[in-house]
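See structure below.
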Amino acid sequence: MEQSTYIMIKPDAVARGLIAPIISRFEATGLCIDRLELGMVTREQAEANYAEHEGKPFYESLIAYITSGPVVKMVLSGPEAVLVCRKLMGATNPLDAAPGTIRGDFGLTMEANIVHGSDSPESAKREIEIFFGG
Ligand code: IDP
Ligand code: MG
């Protein structure tokens with residue numbers, strides 16, 4: 001099914017100079033880049049994006065991390081875009097992420113796991129609204 005998904009290259013990956021290789025992975029699938037922007041995440045956007053994690057032990061450090069430096073915000077679209085991107089990203093913890101996945105190849109820790117991607121078409125719609133206003 002034709003879908004859109006929200007992808008974000010997190011501050012640690014931008015700081016390490018990994019924008020191009022990470023975008024290449026997504027482009028190589030054949031998905032279409034509809035929106036692409038470098039910029040900061042506001043506290044309000046971070047809280048809205050991670051509302052499901054409020055109250056968890058890592059919540060405050062997660063908000064601090066995602067607002068700590070520039071990120072790359074993207075909307076990608078194509079057949080099963082949400083699932084395709086989640087598979088490409090790999091498991092949340094880079095230690096569990098398979099080689100060949102973005103987190104498996106570029107990440108080391110759960111706190112700095114390189115990339116965010118919507119987990120469902122409903123989340124994608126909500127996140128695109130948060131970061132691009134629809
Ligand atoms: P996801 O990014 O694969 O969807 P979620 O469980 O939704 O994973 O968690 C959102 C983000 O919160 C993760 O990408 C990671 O940056 C951070 N995170 C999740 N669990 C932990 C944890 O146990 N410790 C520290 N950070 C965590
Ligand atoms: Mg998630």
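Both ligands and their constituent atoms are indexed starting at 1 by order of listing. No hydrogens, no waters, no symmetry mates; every other heavy atom, side chains included, goes into these values.
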Problem - N113 N/O to ligand 1 N/O under 3.5 Å - result: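 N/O-N/O distance under 3.5 Å: yes.
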Exercise for the section: May I ask you to check if ligand 1 and E52 share an N or O to N or O distance below 3.5 Å? Expected result: no
Exercise for the section: For atom 1 (P) of ligand 1, grab the closest protein heavy atom and report residue, atom and distance to one decimal in Å. Expected result: T92 OG1, 3.5 Å
Exercise for the section: Among all protein heavy atoms, pick out the one at the shortest distance from atom 18 (N) of ligand 1; state its residue, atom name and that distance to 0.1 Å. Expected result: F58 CE1, 3.5 Å
Ligand 1 versus [X]: contacting region, heavy-atom distance under 4.0 Å:
X    : value
R86  : side chain
K10  : side chain
H116 : neither

Exercise for the section: Identify the two heavy atoms, one from K73 and one from F132, that lie closest to each other, and give their separation to 0.1 Å. Expected result: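 So the minimum-distance heavy-atom pair works out to O-CZ, 3.6 Å.
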Handout entry: Atom of N49, atom of R126 and distance for their closest heavy-atom approach
Key = O-NH2, 3.6 Å
Practice task
Would you please classify the geometry between the H116 ring and the Y50 ring as parallel, tilted or perpendicular, with 30° and 60° separating the classes?
Solution key: perpendicular
Exercise for the section: Give a yes/no verdict on whether any heavy atom in H53 is under 4.0 Å from an atom of ligand 1. Expected result: yes
Exercise for the section: Assess R103 for proximity to ligand 1: is some non-hydrogen atom of it under 4.0 Å away? Expected result: yes
